[in-house]
Each structure stands twice: as structure tokens, then as C-alpha cells.
Engineer: 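Here it is, the structure in full.
Lettering of chains follows the sequences in order, A, B, ..., and the numbering in each one begins at 1.
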2 protein chains.
Amino acid sequence: MTRAELDFSLLLAGAARLMRHSFMANLRDSPLTLARARMLIHLERNEGIRQVDLAELLEIQPMTLVRMVDQLASEGLVERRTDPADRRAHRLYLTDAARPQLDIIAETAAAVREKALVGLDEAERAQLTAALQRVCRNLSDG
Amino acid sequence: MTRAELDFSLLLAGAARLMRHSFMANLRDSPLTLARARMLIHLERNEGIRQVDLAELLEIQPMTLVRMVDQLASEGLVERRTDPADRRAHRLYLTDAARPQLDIIAETAAAVREKALVGLDEAERAQLTAALQRVCRNLSDG
DNA sequence: ACGTTATAATCAGCACATCTTATTATCACT
DNA sequence: AGTGATAATAAGATGTGCTGATTATAACGT
């Protein structure tokens, strides 16, 4: 661990990079990536959401979401249905094929979390979670 | 903050993404990015390092580093010199033009850190840093 | 001394996540 | 009916990473 790693930005970026490696290693045989998993999870909790609203939830640009939906749709995990009340809009739904993928995501996330948090007790884990949530809030506004 | 954000992997990835946005916003008029900044910082502390060794330090593939060195060299921030003792190898050096960039990096990192850590006292910041370092160690091995 | 193997860098080509700018269809409001 | 906003998308770019193949050089074993 060099001194450079002590800087917060690099430390956070490094942790995220390592976590993503770990996540991907657990998903080697799956069409999923962390970003796609993130999208599926949000979709599970917000089925029927419009693309523009999901993009805002994920804090990405609508066009970025279009591409991700294209991929997930081509893999048969997500379905676009035109909104009957607004023919400009598409509403997004998970397919049956997506359900087992969501289970895999949950297992993978649990495995990565356990590996990442080895040596931290419950209180420390709660503190870390709370601190990261605070960081997200701080960086989100403005 | 949805329930999905509570999952550790997504929370960490989200925090890193927001941090990177913030970092980039602070560097809008610069040729630097977070990855390039990371490389320059490691280079500052290890001038004359060979590419393969820097790649290992950064935990990226040598080819990935070649591209980054190409970019930084084309911007005049980094210089390749052939190793007199091993004509296969290049040793990397910062140019004078890189020094002010390193100052900018330090300022940007400080600004981002302050924005990210608003509302956390010194003890909480130290805990967060320690926890993230532990996470990095945990995810690094294996 | 020579041949094999390992190493350093690079070429070529790809994948993913992300952006910006512009376009099209549709909606909402006046 | 006309104007402006909105939803999705097209087109094209960038940044960050990968794998596999290639070239030059070094190191080692016999």
C-alpha cells in the first residue's frame, strides 16, 4: 500500500476497481456486468418504469441507458413495451429469463461483500455502509 | 436512496462513479483523467520505473499501460527512455510539463475529498479510510 | 557456443460504459 | 393549429480495460 493509495479519491477508485474485478470473476459465465446488474436490480424494484426515469434513478444519461437496454433486450432479459398513454415512451419489464439472473446477482453480491468485508465486525460494516451512503449523498448534489 | 443502494457492491461502485464524475468536473480543461492522474502519481514516486513494473503497481495489464503511456507521452507529460542495461525495457520519466499537472491533481483530489467527506468528523474519516484499505487488501489476494 | 525459454514492449482488435450532438415522434399548452 | 418541451434513438466519440500474437532481447542449461 503506497502513500498514493492513502488519498481518498484513489483509495475509493481502487476499492471499486478491485470489487468490480471480483464481481466479474464471479460472473465469468454470465452475460452480466456490474452495470447491467445494477440496472436489473433497479428494474426489479421498479417494473414498468420509463427509460428516462430509470436513467435518472441510475444517474446516467438516457442514451447510455438506451444502449444498455439494447444489450439486455438482445439477451432476452428485458422487454420494452410502448406506454399506452404516451406513444413516445417505452416502459421496461423483466422477462422470466431475468429472474434466475437476479438470483445469481444476489449470490454474487453476497459473495463479494463477504470477501470484501473480512475482518470487519458488524459495527464496522454498518459504519462503512453509512459513510459510503453519506459520500454518495455529498457527491450527488451540485 | 433505494434499497438496492444498500448492497455493498453497488454502493461502493456508485460512490466511485460519483467521485469520478466530481473529479472529472474539476478537471474539465485538463487532459487528465482519474486513471491518468493515478499513473502520474505513482510515476512521481517511482521515476525511472519500467513499464511492466508500473503496470503491476497499478494492477493493470502491460498493454493497458502502453496505451496510457502513449497518451501521456503525446501530451508531453511522460517520457520513455530505453534502459541502458536492458534494451527491451523502457524506463519512464516525468517531464517538466508534468509538475504543474501534479499540483492540479493534488488540488483536485483535495477538493473532491472535502466534498465527499462533508459531515464526517475526523474519527469517521479515519475509520472510512481504514475500512477501505482493509477492503482493498481483502479483495487483492486471490 | 548454441538453443530453448522467459521477459518487455508493442500491434491488432475487441468490449464495455459512458459521453455529446442531432433527429424524430409525440405530447402539452396556448 | 402552432409552438415548445419531452422520450427515445441515431451517429459517433472517448476512456479504460481486455486477449492473443509478434518482435526484440535477455537468461539459462547443456
Engineer: Suppose the criterion is salt bridge (charged side-chain N to carboxylate O under 4.0 Å, His left out): which pairs have a residue in residues 119-131 of chain B, not counting sequence neighbours?
Structural biologist: Glu114(B)-Arg125(B)
Engineer: Tell me which donor-acceptor pairs under 3.5 Å the side chains of residues 106-113 of chain B have, and how far apart each pair is, sequence neighbours excluded?
Structural biologist:
from      : atom 1 : to        : atom 2 : distance (Å)
Thr108(B) : OG1    : Ile104(B) : O      : 2.9
Arg113(B) : NH1    : Asp7(A)   : OD1    : 3.1

Engineer: Roughly, in whole Å, what's the span from CE in Met68(B) to C1' in dT10(C)?
Structural biologist: 16 Å
Engineer: Any side-chain heavy atom of Val66(A) within less than 4.5 Å of one from Met63(A)?
Structural biologist: yes
Engineer: For Val52(B), enumerate each residue passing the side chain to side chain contact (heavy atoms under 4.5 Å, CB included) test, keeping only those at least two apart in sequence or located in another chain.
Structural biologist: Arg50(B)
Engineer: Looking for any heavy atom pair under 4.0 Å, which part of the strands does Val66(A) touch: base, sugar-phosphate only, or nothing?
Structural biologist: base
Engineer: With sequence neighbours left out, write down each residue that passes side chain to side chain contact (heavy atoms under 4.5 Å, CB included) with Ala97(A), or none if nothing qualifies.
Structural biologist: Leu77(A), Thr95(A)
Engineer: Output the rounded distance in Å from CG (Asp53(B)) to P (dA8(C)).
Structural biologist: 7 Å
Engineer: Would you call Ile60(A) and Met68(A) a side-chain contact if the rule is heavy atoms closer than 4.5 Å?
Structural biologist: yes
Engineer: Give the rounded distance in Å between these two atoms: CG of Leu18(B) and P of dT18(C).
Structural biologist: 11 Å
Engineer: In the hydrophobic clustering (ILVMFWY, side-chain contacts below 4.5 Å, transitive), which residues join Tyr93(A), or is it alone?
Structural biologist: none
Engineer: Quick one: side-chain hydrogen bond (donor to acceptor under 3.5 Å, both in side chains) partners of Arg134(A), sequence neighbours excluded?
Structural biologist: Asn138(A)
Engineer: Quick check for you: name the first and last nucleotides of DNA chain D, 5' to 3', having an atom under 4.0 Å from a heavy atom of chain A.
Structural biologist: dA5(D) to dG17(D)
Engineer: How does each nucleotide of nucleotides 19-30 of chain C score, in 5' to 3' order, for protein heavy atoms under 4.0 Å: base (B), sugar-phosphate only (S), or none (-)?
Structural biologist: BB----BBS---
Engineer: With a 4.0 Å heavy-atom cut-off, tell me which residues in residues 70-82 of chain A come close to DNA chain C, sorted by residue number.
Structural biologist: Gln71(A)
Engineer: To the nearest angstrom, how far is Leu54(B) atom CG from dA8(C) atom P?
Structural biologist: 13 Å
Engineer: Select from Leu34(A) and Val69(B) the residue whose nearest nucleotide in DNA chain C is closer to the 5' end of that strand.
Structural biologist: Val69(B)
Engineer: Applying salt bridge (charged side-chain N to carboxylate O under 4.0 Å, His left out) as the test, list every pair that has at least one member in residues 55-77 of chain B; sequence neighbours left out.
Structural biologist: Arg36(B)-Glu75(B), Asp70(B)-Arg80(B)
Engineer: Rounded to whole Å, how long is the line connecting atom CZ of Phe23(B) with atom P of dT18(C)?
Structural biologist: 18 Å
Engineer: Report the distance from atom CZ of Arg20(A) to atom C1' of dT18(C), rounded to the nearest whole Å.
Structural biologist: 12 Å
Engineer: Taking only distance into account, with no hydrogens and no angle test, what donor-acceptor pairs under 3.5 Å do side-chain atoms of residues 21-32 of chain A form with protein atoms, sequence neighbours excluded?
Structural biologist:
from     : atom 1 : to       : atom 2 : distance (Å)
Asn26(A) : ND2    : Ser22(A) : O      : 2.9
Ser30(A) : OG     : Leu32(A) : N      : 3.0

Engineer: Show every salt bridge (charged side-chain N to carboxylate O under 4.0 Å, His left out) that has at least one partner inside residues 86-97 of chain B, sequence neighbours left out.
Structural biologist: Asp83(B)-Arg91(B), Asp86(B)-Arg88(B)
